[in-house]
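Here is the structure we will look at.
What you see is a predicted model; the values in this text were computed from it and never measured.
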Amino acid sequence: MSGSKKKKVTKAERLKLLQEEEERRLKEEEEARLKHEKEEMERLEIQRIEKEKWNRLEAKDLERRNEELEELYLLERCFPEAEKLKRETRMLSQWKHYIQCDGSPDPSIAQEMNTFISLWKEKTNETFEEVIEKSKVVLNLIEKLKFILLETPPCDLQDKNIIQYQESILQLQELLHLKFNVATEILLRQANTLADLDSGNMEKVIKDENVTLYVWANLKKNPRHRSVRFSETQIGFEIPRILATSDIAVRLLHTHYDHVSALHPVSTPSKEHTSSVTEFVKDDVENVEKAISKEVEEESKQQEKRSHLIQEEKLKVEEEQDDIEVKMSSAEEESEAIKCELEMKVLSETVLAAQLLLVENSSEKPDFFENDMVDLFRFTTLGGVYHLDILQLPPQCKPVKGWMIVEILKEGLQKSTYPPETTEDFETENAFPPIEVTLEVHENVIFFENPMVVRWDAEGKHWRTDGISNVSYKPKERLVTFSLDTFGPVTLIQDAHINMPYQSWELRPLDVNKVLLTVTTVFTEIQIQIKENLCMLSSVKLKDKKHISILEGTWMTPIPFIIALKEAGLNIFPTRHSHFYVIINNKARMNLSKF
């Protein structure tokens with residue numbers, strides 16, 4: 001019975017248990033406190049390290065900002081001088097044109113251009129050689145108009161002026177091509193007198209620096225004579241039997257320029273940005289003028305007071321005059337400083353507004369091209385345009401009693417369509433096979449890959465790749481052979497970004513205000529000398545071999561220089577659409593950390 005009774009806990013044992021539990025609780029709390037303090041210290045240490053790191057980055061970024069700010073101030077100081085230099089250059093070109101007195105019109109004046117175009121339209125019976133000579137003036141005017149659109153800042157170009165210049169360019173281009181057609185008709189009227197003794201057909205080649213004419217007239221209509229090769233060249237055609245027996249002429253007019261592709265639009269600043277910038281400029285100018293006028297009034301009042309003092313105290317005239325001169329000079333310096341500060345402020349705001357305008361008007365990738373259409377933002381035409389035409393042979397001149405009698409058709413030179421619109425009258429299905437054409441690539445143009453042949457779609461107003469087959473290229477002979485379904489303008493194109501991105505580039509000083517820019521790409525190495533506002537092609541290397549270009553040694557202003565290099569196939573200048581077509585590898589962070 002005593003064993004069944006529970007052992008009672010004494011008061012001393014109970015106190016001991018409570019004491020042990022209290023000590024355990026305090027120990028746990030101390031450990032938790034120490035752990036919390038340790039974690040807090042670690043957290044604060046991490047924050048301190050991160051803050052020090054962030055402070056170092058901020059100091060480094062502030063140093064970079066200061067450097068960039070100094071560069072910005074330098075650019076802002078140079079910007080007005082550069083704009084002034086460009087404006088003076090444009091005025092100097094107008095003055096040079098004025099003092100030349102060569103009879104050519106001023107392309108910027110609509111009345112003179114309209115008079116020039118009207119007078120040339122009225123002139124008739126010009127030979128092909130005469131038209132070629134006149135074309136040099138016309139091409140020069142077109143070039144000047146294009147340079148005006150490219151070199152003039154958008155803020156200085158009004159919409160009506162842009163429309164006027166572009167209309168003048170189109171009118172000159174259309175009139176020039178019309179004159180070539182009329183001159184070709186006059187030449188073909190004399191085909192029987194220019195016939196070859198061996199073949200009996202007429203063959204004529206006229207070469208010039210801007211235009212080359214190849215024309216062949218089918219006078220004998222020999223069905224066996226299907227291969228046409230112009231003398232001393234490999235340029236020619238393989239015509240089908242139906243053309244070999246027809247009263248036709250085949251013309252290849254190679255213009256070393258491109259007047260077929262549509263003109264690129266000229267971007268102009270929006271009226272909102274222009275008005276905001278001009279209002280800002282006007283307000284600041286008015287404020288400064290008021291401030292300066294107040295300073296002038298105060299100075300004049302002080303001068304009046306000093307003059308009274310001078311009259312009363314004649315003995316202190318020299319001292320007073322010295323004080324006046326010093327204070328006047330200091331006032332003038334202050335006013336000049338205020339003007340300069342205003343100009344810099346206005347310029348900074350103008351540059352900022354222009355940058356915002358560029359961001360807002362950033363171009364989007366053109367996506368309106370069909371499968372067979374050529375994207376001229378991605379490709380560029382090179383070597384000019386080859387106008388391939390089948391012409392109806394006009395009535396021939398007939399000598400009668402010492403006179404030459406010729407029938408002049410009212411409708412002028414007529415082109416024949418190949419194949420004709422209706423082919424029901426012809427028995428065989430393959431009566432109109434593709435025509436094999438062999439062309440020579442312009443000697444001053446560089447193709448880094450085999451050129452692509454494209455044809456002009458007159459209805460859609462764009463270049464197309466369909467209708468052309470069996471293209472082959474001989475780089476040594478610079479000959480392109482292809483089969484063409486129908487005649488019309490054709491040209492050769494190349495990827496406009498074939499030399500992008502660069503492998504490397506280097507800018508090395510040569511002398512005062514003179515540097516050498518070396519650009520290395522996958523295919524070439526180009527060296528360009530730059531001095532003041534002029535550029536010159538120094539050398540071109542293709543696959544470690546020096547290439548001689550006609551542009552070497554010729555100093556030009558930047559925009560004509562860029563256009564000349566692009567037309568020669570040496571395009572290293574990106575446009576606002578280039579980032580859509582060029583793959584750029586981002587720099588690795590590990591490589592950046594080394595610097």
Side-chain angles (χ1 to χ4, degrees), residues 68 70-100 102 104 106-108 139-157 161-162 165 264 266-269 340 343-344 346-348 350-351 353-355 357-358 444 499 502 505-519 525-540 549-576 578:
E68 292 182 354
E70 290 178 1
E71 293 179 0
L72 178 61
Y73 287 153
L74 178 61
L75 291 174
E76 288 180 344
R77 288 195 296 269
C78 295
F79 186 80
E81 294 295 328
E83 289 299 317
K84 182 180 178 182
L85 180 61
K86 291 179 182 178
R87 195 175 294 109
E88 289 177 353
T89 303
R90 291 195 296 270
M91 294 176 64
L92 181 61
S93 64
Q94 292 180 352
W95 174 249
K96 286 182 178 179
H97 174 81
Y98 178 77
I99 63 177
Q100 277 180 351
D102 56 356
S104 61
D106 187 345
S108 61
L139 293 174
N140 187 31
L141 292 174
I142 293 174
E143 188 178 72
K144 286 182 178 179
L145 285 169
K146 289 183 177 180
F147 286 162
I148 290 174
L149 292 173
L150 291 172
E151 293 180 339
T152 308
C155 57
D156 294 341
L157 273 177
N161 292 335
I162 295 175
Y165 298 153
H264 292 290
V266 178
S267 60
T268 56
C340 292
E343 289 179 357
M344 297 305 299
V346 172
L347 179 60
S348 300
T350 307
V351 171
Q355 290 174 346
L357 178 64
L358 288 175
N444 297 327
N499 288 314
Y502 311 145
W505 65 271
E506 179 188 24
L507 195 63
R508 182 161 55 91
L510 297 177
D511 202 346
V512 178
N513 292 333
K514 189 175 182 180
V515 295
L516 178 67
L517 173 64
T518 302
V519 178
E525 179 185 286
I526 301 174
Q527 290 188 338
I528 301 170
Q529 289 189 29
I530 305 171
K531 67 173 183 179
E532 297 178 352
N533 65 329
L534 297 175
C535 307
M536 181 190 72
L537 181 64
S538 181
S539 67
V540 179
S549 173
I550 60 170
L551 299 176
E552 293 183 22
T554 304
W555 290 98
M556 291 182 279
T557 52
I559 291 181
F561 178 75
I562 292 172
I563 294 175
L565 280 188
K566 286 183 176 182
E567 291 178 348
L570 300 171
N571 184 17
I572 56 172
F573 307 99
T575 63
R576 59 178 182 168
S578 296

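Residues L517 and V519 have side chains in contact (heavy-atom distance under 4.5 Å, counting atoms from C-beta outward). Side-chain contact between L139 and E143 is absent, with no heavy atoms from C-beta onward closer than 4.5 Å. At a threshold of 4.5 Å between non-hydrogen side-chain atoms, the residues L534 and T557 count as touching.
P558 and C535 make their closest contact through CA-SG, 4.3 Å (heavy atoms, listed as atom of the first residue, atom of the second, distance). Scanning all heavy atoms of the two residues, the minimum distance from E552 to V540 falls at OE2-N, 4.0 Å. The shortest heavy-atom contact between F573 and Y502 is N-OH, 4.4 Å.
Taking N140 as the reference, nothing meets the side-chain hydrogen bond (donor to acceptor under 3.5 Å, both in side chains) condition, with sequence neighbours excluded. Under the side-chain contact (heavy atoms from CB on, under 4.5 Å) criterion, M556 pairs with L551, T554, F561, A564, not counting sequence neighbours. Take L74 and apply the side-chain contact (heavy atoms from CB on, under 4.5 Å) test, not counting sequence neighbours, and it matches R77, C78. By the side-chain hydrogen bond (donor to acceptor under 3.5 Å, both in side chains) test, N499 is found to be paired with T521, residues two or more places apart in sequence or in another chain being considered. Every residue two or more places apart in sequence or in another chain was checked for a side-chain hydrogen bond (donor to acceptor under 3.5 Å, both in side chains) with E532, and none qualifies. In this view, Q527 and S539 satisfy the side-chain hydrogen bond (donor to acceptor under 3.5 Å, both in side chains) rule, not counting sequence neighbours.
Pairs passing the side chain to side chain donor-acceptor pair (under 3.5 Å) check and including a residue from residues 562-575, sequence neighbours excluded, read T575-S578.
Atom-to-atom distance recorded for I162:CD1 and L157:CG is 5.0 Å, nearest 0.5 angstrom. Between the CH2 atom of W555 and the CG atom of L537 there is a distance of 11.0 Å, given to the nearest 0.5 Å. Separating the CG atom in L570 from the CD1 atom in I562 is a distance of 13.0 Å, to the nearest 0.5 Å. Annotation: the span from M536 atom CE to K514 atom NZ amounts to 6.5 Å, rounded to 0.5 Å.
Sparse packing is recorded around CH2 of W505, with 12 or fewer heavy atoms of other residues, nucleotides or ligands lying under 6.0 Å away.
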Which pairs would a plain distance check flag for residues 144-153, meaning a side-chain donor or acceptor within less than 3.5 Å of a matching protein atom at least two apart in sequence or in another chain?
{"from": "K144", "atom 1": "NZ", "to": "H97", "atom 2": "ND1", "distance (Å)": "3.3"}
{"from": "T152", "atom 1": "OG1", "to": "I148", "atom 2": "O", "distance (Å)": "2.7"}

